[in-house]
Amino acid sequence: MTAPDDLELAGRFREAMASFPSGVTIVTTVDEDGRPWGFTASAFSSVSAEPPLVLVCLSRTAECHQVFERSTHWTINILNDGHQPLARRFATRGADKFAGDEFHLDPEGVPYLPDASARLHVSAYDRHISGDHTILVGRVHDVRLGQDPATVYFQRGFHALAG
């Protein structure tokens, strides 16, 4: 059972994290049968320039967690303001995430957003379990830059950046 002080700390921690603006991404891959999977993530960061590495954090309770544990390639789509409905869909457990026609397939069969602010095509480099999340580290093999500025998530809402 969680002590009252732990509950208070957890609440303050969530408030502090909501006060930190973060970019918003949708991370996509495919399983062994070619079925697409993905999730919304704001826990995304560069790790290294040489070699070019990025990380994204995935909840260990996510429906797609086991797929990303085995996946060899994924795409990190950095979202623009027009992608808010997609970000919500990909953050919703049980949603038909690929219901629309927004995504195209790269040569590996991994879905990507052609109108993303930026997208990074990566291969699995490392994975680390940390608390209730897995840190997925990917080596960047290709970067495509889009036209629209990225959106940020702040105080539990999306905010457009001026271009």
Side-chain angles (χ1 to χ4, degrees), residues 6-30 36-49 52-65 67-68 71 73-106 110-122 125 127-128 130-163:
D6 291 342
L7 289 175
E8 182 181 333
L9 176 61
R12 288 195 327 263
F13 177 74
R14 283 191 297 278
E15 289 303 314
M17 294 300 95
S19 297
F20 183 72
S22 177
V24 185
T25 67
I26 290 177
V27 185
T28 56
T29 194
V30 290
W37 294 85
F39 64 98
T40 298
S42 59
F44 164 72
S45 178
S46 64
V47 174
S48 168
L53 301 175
V54 293
L55 70 77
V56 64
C57 298
L58 173 61
S59 172
R60 292 173 58 202
T61 62
E63 293 171 303
C64 61
H65 185 266
V67 173
F68 276 91
S71 176
H73 292 84
W74 59 88
T75 297
I76 300 169
N77 300 276
I78 299 174
L79 305 185
N80 61 52
D81 199 48
H83 293 131
Q84 288 184 33
L86 272 177
R88 287 186 183 92
R89 185 189 325 157
F90 274 75
T92 302
R93 188 173 192 83
D96 185 358
K97 296 181 171 139
F98 295 93
D101 62 354
E102 302 92 350
F103 288 86
H104 294 191
L105 299 179
D106 73 10
V110 177
Y112 69 89
L113 286 169
D115 62 341
S117 291
R119 66 180 186 268
L120 296 90
H121 299 274
V122 305
Y125 186 83
R127 294 172 177 90
H128 305 276
S130 191
D132 58 2
H133 278 65
T134 296
I135 302 167
L136 304 169
V137 180
R139 183 177 180 136
V140 178
H141 294 283
D142 189 26
V143 175
R144 300 296 170 127
L145 301 175
Q147 298 291 321
D148 297 320
T151 191
V152 295
Y153 195 72
F154 175 68
Q155 294 292 335
R156 296 180 180 80
F158 295 96
H159 303 274
L161 294 176

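No donor-acceptor pair under 3.5 Å is formed between the side chain of S71 and the backbone N or O of V67. The backbone N or O of S48 lies less than 3.5 Å from no partner atom in the side chain of S46, so there is not a single donor-acceptor pair. Side chain of R60 to backbone of G131: a donor-acceptor contact under 3.5 angstrom is found.
With sequence neighbours excluded, the residues forming a side-chain contact (heavy atoms from CB on, under 4.5 Å) with A87 are V24, T40, L79, F158, listed by chain and number. A search for ring-ring contact (aromatic ring centres under 6.0 Å, His included) contacts involving F103 returns F90, F98, not counting sequence neighbours. Applying the ring-ring contact (aromatic ring centres under 6.0 Å, His included) criterion to H104, with sequence neighbours excluded, gives Y112. Partners of T134 under the side-chain hydrogen bond (donor to acceptor under 3.5 Å, both in side chains) rule, at least two apart in sequence or in another chain, are H65. In terms of the ring-ring contact (aromatic ring centres under 6.0 Å, His included) criterion, residue partners of F39 (sequence neighbours excluded) are, by chain and number, F68. By the side-chain hydrogen bond (donor to acceptor under 3.5 Å, both in side chains) test, D106 is found to be paired with H121, residues two or more places apart in sequence or in another chain being considered. Applying the ring-ring contact (aromatic ring centres under 6.0 Å, His included) rule to H73 yields no partners; only residues at least two apart in sequence or on another chain are considered. Not a single side-chain hydrogen bond (donor to acceptor under 3.5 Å, both in side chains) links S117 to another residue, sequence neighbours left out. When the side-chain contact (heavy atoms from CB on, under 4.5 Å) test is applied to V152, the partners found at least two apart in sequence or on another chain are H159, L161. By the salt bridge (charged side-chain N to carboxylate O under 4.0 Å, His left out) test, R12 is found to be paired with E8, residues two or more places apart in sequence or in another chain being considered. For W74, there are no side-chain hydrogen bond (donor to acceptor under 3.5 Å, both in side chains) partners two or more places apart in sequence or in a different chain.
The closest side-chain heavy-atom distance from L58 to C64 is below 4.5 Å. The shortest distance between side-chain heavy atoms of V27 and T29 does not fall below 4.5 Å. Put simply, the side chain of N80 does not reach to within 4.5 Å of the side chain of T151, judged on heavy atoms. Between D115 and D148 the shortest side-chain heavy-atom distance does not fall below 4.5 Å. A 4.5 Å side-chain heavy-atom check between L105 and V110 finds every atom pair outside the cut-off. Side-chain contact check for Q84 versus R89: every heavy-atom pair is 4.5 Å or farther apart. Between R119 and I78, the closest side-chain pair of non-hydrogen atoms is not below 4.5 Å. Counting heavy atoms from C-beta outward, H128 and V137 have side chains that approach closer than 4.5 Å.
Looking at every heavy atom in both residues, A118 comes nearest to L145 through CB-CD2, 4.0 Å.
Salt bridge status for E102 with K97: absent, with no side-chain N to carboxylate O gap under 4.0 Å.
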#### Entry: Derivation and outcome, side-chain contact (heavy atoms from CB on, under 4.5 Å), residues T75 and N77
CA-CA 6 Å; T75 297; N77 300 276; 3.8 Å; yes

### Message
If you apply the rule side-chain contact (heavy atoms from CB on, under 4.5 Å), what do you find for R14 with R156, and how did you get there?
### Response
CA-CA 10 Å; R14 283 191 297 278; R156 296 180 180 80; 4.1 Å; yes

### Query
side-chain contact (heavy atoms from CB on, under 4.5 Å) between L136 and L55: does it pass, once the steps are laid out?
CA-CA 5 Å; L136 304 169; L55 70 77; over 6 Å; no

### Message
Apply side-chain contact (heavy atoms from CB on, under 4.5 Å) to residues V54 and I76 and explain how you reach the verdict.
### Response
CA-CA 9 Å; V54 293; I76 300 169; 3.6 Å; yes

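Atom OG of residue S42 and atom OH of residue Y153 lie 8.0 Å apart, to the nearest 0.5 angstrom. Atoms SG and NE2, from C57 and H133 in turn, are 6.5 Å apart once rounded to the nearest 0.5 Å.
Crowding of F44 atom CZ: a count of heavy atoms from other residues, nucleotides or ligands under 6.0 Å exceeding 12.
The salt bridge (charged side-chain N to carboxylate O under 4.0 Å, His left out) pairs that include a residue from residues 133-144 are D142-R144, where partners are two or more places apart or lie in different chains.
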